[in-house]
Structure formats: structure tokens, C-alpha cells
Amino acid sequence: MSQSFADGALTLTISDDVAILTLNRPDKRNALTQAMWRALPQAVTTAETDAALKVLVVTGAGGAFAAGADIAEFETVYATRDSAAAYAAEIAEAMEALANLSKPTIAAIPGPCVGGGLGLALCCDIRMASDRAKLGITPGKLGLMYSLGDTRRLVEAVGPSAAKDILYTGRILSAAEALGLRLIDAACPPEELDAAVAAKAQAIAMASQWSARRTKAVIRRILDGQTQDDDTTRAWFLDSLEGEDFREGRDAFLQKRTPAFPFR
């Protein structure tokens with residue numbers, strides 16, 4: 001099944017239990033227009049509500065991930081303080097929609113991934129890139145600043161000192177440097193990226209989705225500052241012991257077979 005959004009600038013293709021959300025403006029290196037930012041939450045909601053879908057992969061068409069927000073629109077979207085605030089809110093809504101998707105997400109980065117493009121990749125749980133990819137966040141070269149939400153996700157990925165270096169200089173990083181900083185989680189030759197991402201997505205899809213989604217929620221709580229269990233996390237743990245996935249996982253282990261987890 002395939003759906004398009006923003007007049008085809010975003011496509012969502014669902015095959016079995018994995019979906020691919022593609023930024024589809026290859027002639028503009030997938031620079032994100034206002035229409036694309038507005039459509040992203042709808043595409044993410046489609047992925048959230050598809051009961052069969054287990055993993056969402058986000059990528060770009062034509063060898064790039066995304067060159068950032070479309071600078072050709074800046075004169076319009078930043079024309080007034082009110083229009084700038086409205087545009088920033090639309091971008092934040094899109095970023096938060098992807099970051100808050102309950103299901104695991106992978107950013108597949110085949111090439112340039114800059115500015116808002118990298119911000120979008122940072123909303124994904126795992127980032128896998130071509131070893132020829134170039135990554136950077138360049139507001140410092142435009143006299144702008146990165147939003148708090150986007151900056152927080154960068155700091156979570158690389159730590160405060162590296163985040164300051166990346167933002168202060170606006171420099172472009174190689175995939176090798178990005179991997180060393182943990183800005184990305186894996187790098188491989190470009191011709192191997194699709195297969196590597198597919199293998200990772202399938203490995204996640206074969207595991208318990210109840211476990212994956214609760215794990216994602218717990219890690220979010222930890223990153224938000226929670227240090228001790230509360231009633232909710234204790235209940236999640238006890239729920240897991242009573243759940244169908246645990247029974248299936250336990251039985252499969254004892255029977256030496258691959259589990260077929262029922263949770264969707």
C-alpha cells in the first residue's frame with residue numbers, strides 16, 4: 001500500500017510490517033517545504049494507526065536525505081514575527097509527531113542530511129547512513145538558532161560539548177565523524193544501505209512489539225529526567241509478566257522455536 005502527501009512530496013509505502021516514509025523532492029535534495037512539514041503529522045498518524053505496522057523507516061529520494069527546510073520559502077514564512085512563529089510551530093509539530101511515534105523508527109540516510117533534515121533524522125530511534133553521507137546543522141551560518149526541541153535531541157545524541165561544536169561552527173561532518181560522535185549509529189557503503197536498513201527493521205519486527213514500545217517509552221522517561229520507577233513503570237513491568245508476548249516468548253524458548261509474538 002502506498003499513500004502520498006503534500007502533492008507527492010512525501011510518500012508512505014507499507015509492505016507487511018515495515019513502512020517507508022520517503023521525502024520525495026529529489027531535484028531539490030528533498031528540501032522540506034511548509035506543505036511537507038504540515039503533512040508529516042498526518043503521515044506519522046497513518047503509521048501509528050496501522051495495526052500491522054511494526055517499524056517506520058524514514059529516508060529521502062534520489063541519493064539525499066534532506067537538505068533542510070526549503071530556503072526558497074524563507075522570505076515568505078519569515079515575513080513577519082507572527083508568520084515565523086506559525087512556521088516554527090508547524091515544524092515543531094512535525095518533529096514531535098515523529099519523535100513521539102510509539103513504534104520503532106529508523107532514519108536511512110543515503111546522502112546529504114543537513115539542518116531540518118538532520119533534525120528530522122534525530123527524531124528517529126536509530127540512524128543508519130551511507131559512508132558517503134554528509135551531515136550538519138547550519139543555523140550559525142544563517143544567523144538563526146536551533147529550536148529547544150531540536151537542540152535537546154542533538155544533545156541527547158552527542159552530548160553538550162559536541163552539540164555546541166556542531167551548532168557554533170555549522171560545519172559539515174563526514175559519516176565517519178558522525179559515527180564517532182554517535183550522531184549516527186551505523187555507516188556502510190551506499191550500495192549496502194538499503195539491505196542493512198531492511199535487516200535492522202526485520203530484526204526489530206521479529207521481536208516483541210510490546211517490549212519495543214514499552215522500552216521506547218521508558219527510555220523517553222529516562223531522557224526526560226525520571227530516575228526511579230513510579231506506579232506507571234512498575235505496572236508496565238508487571239503487565240509484561242502477565243502478557244501474551246511473554247508467554248509466547250517463554251514457550252518458544254523452551255520449545256526451541258522462533259516466537260510468533262501476538263501483540264500488535
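For the single chain, residues carry numbers from 1 onward in sequence order. Side-chain atoms are counted along with the backbone in the values below, which use heavy atoms only and exclude waters and symmetry mates.
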- [ ] Any side chain to side chain donor-acceptor pair (under 3.5 Å) involving residues 40-57? Give me the pairs, sequence neighbours left out, ordered by first then second residue.
- [x]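 Applying side chain to side chain donor-acceptor pair (under 3.5 Å) to every pair that reaches into residues 40-57, excluding sequence neighbours, yields Glu48-Ser102.
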
Output the distance between atom [atom1] ([X]) and atom [atom2] ([Y]), rounded to the nearest 0.5 Å.
X: Leu118; Y: Tyr146; atom1: CG; atom2: OH; answer: 5.5 Å
X: Phe237; Y: Thr232; atom1: CZ; atom2: OG1; answer: 15.5 Å
X: Leu32; Y: Leu40; atom1: CG; atom2: CG; answer: 7.0 Å
X: Leu53; Y: Arg264; atom1: CG; atom2: CZ; answer: 11.0 Å

Do any side-chain atoms of residues 3-16 form donor-acceptor pairs under 3.5 angstrom with protein atoms, and if so which ones, sequence neighbours left out?
unit_1, atom_1, unit_2, atom_2, d
Thr13, OG1, Ser2, OG, 3.4

Is [Y] close to [X] at the side-chain level, that is, under 4.5 Å between some pair of heavy atoms?
X: Val58; Y: Ile106; value: no
X: Pro112; Y: Phe65; value: no
X: Asp245; Y: Pro262; value: yes
X: Leu98; Y: Leu56; value: yes
X: Thr59; Y: Leu21; value: no

[atom1] of [X]: more than 12 outside heavy atoms within 6.0 angstrom?
X: Leu148; atom1: CG; value: no
X: Lys200; atom1: NZ; value: no
X: Arg257; atom1: CZ; value: yes

Below 3.5 Å, can you tabulate the donor-acceptor pairs from side chains in residues 126-135 to any protein atom, sequence neighbours excluded?
unit_1, atom_1, unit_2, atom_2, d
Arg127, NE, Leu183, O, 2.7
Arg127, NH1, Cys124, O, 3.0
Ser130, OG, Arg132, N, 3.0

Which residue pairs satisfy the salt bridge (charged side-chain N to carboxylate O under 4.0 Å, His left out) criterion with at least one member in [range], sequence neighbours excluded?
range: residues 210-221; value: Asp125-Lys216, Glu156-Arg220, Arg220-Asp224, Arg221-Asp230
range: residues 70-80; value: Arg25-Asp70
range: residues 137-150; value: Asp150-Arg153

Task: Partners passing side chain to side chain contact (heavy atoms under 4.5 Å, CB included) against Asn100 (at least two apart in sequence or in another chain) - done: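 Asn100: side chain to side chain contact (heavy atoms under 4.5 Å, CB included) contacts with Glu96.
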
- [ ] Return the set of residues passing salt bridge (Lys or Arg N to Asp or Glu O under 4.0 Å) with Asp165 (not counting sequence neighbours), or none when no residue passes.
- [x]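 If we apply the salt bridge (Lys or Arg N to Asp or Glu O under 4.0 Å) test to Asp165, skipping adjacent residues, the hits are Arg171.
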
Open item on the list: Among residues at least two apart in sequence or on other chains, which ones pass salt bridge (Lys or Arg N to Asp or Glu O under 4.0 Å) with Glu192?
Closed with: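 Per chain and number, Glu192 pairs via salt bridge (Lys or Arg N to Asp or Glu O under 4.0 Å) with no residue.
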
Open item on the list: Walk me through whether Trp37 and Leu120 qualify under side chain to side chain contact (heavy atoms under 4.5 Å, CB included).
Closed with: CA-CA 10 Å; Trp37 291 120; Leu120 201 62; 4.2 Å; yes

Open item on the list: Under the rule for ring pair (Phe, Tyr, Trp, His ring centres under 6.0 Å), what residues qualify as partners of Phe74, not counting sequence neighbours?
Closed with: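 Counting only residues at least two positions away or on another chain, Phe74 forms a ring pair (Phe, Tyr, Trp, His ring centres under 6.0 Å) with Tyr78.
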
Task: Phe261: hydrophobic cluster co-members (side-chain, 4.5 Å) - done: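 None; Phe261 is a cluster of one.
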
Task: Fellow cluster residues of Leu223, listed by chain then number, with links counted only when side-chain atoms sit under 4.5 Å apart - done: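 Direct or chained contacts put Leu223 with Ile219.
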
Task: Residue of the set Ile91, Thr76, Val77 for which side chain to side chain contact (heavy atoms under 4.5 Å, CB included) holds with Gln34 - done: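 So the option named by the test is Val77.
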
Task: Step-by-step side chain to side chain contact (heavy atoms under 4.5 Å, CB included) determination, Thr105 to Val55 - done: CA-CA 6 Å; Thr105 53; Val55 182; over 6 Å; no

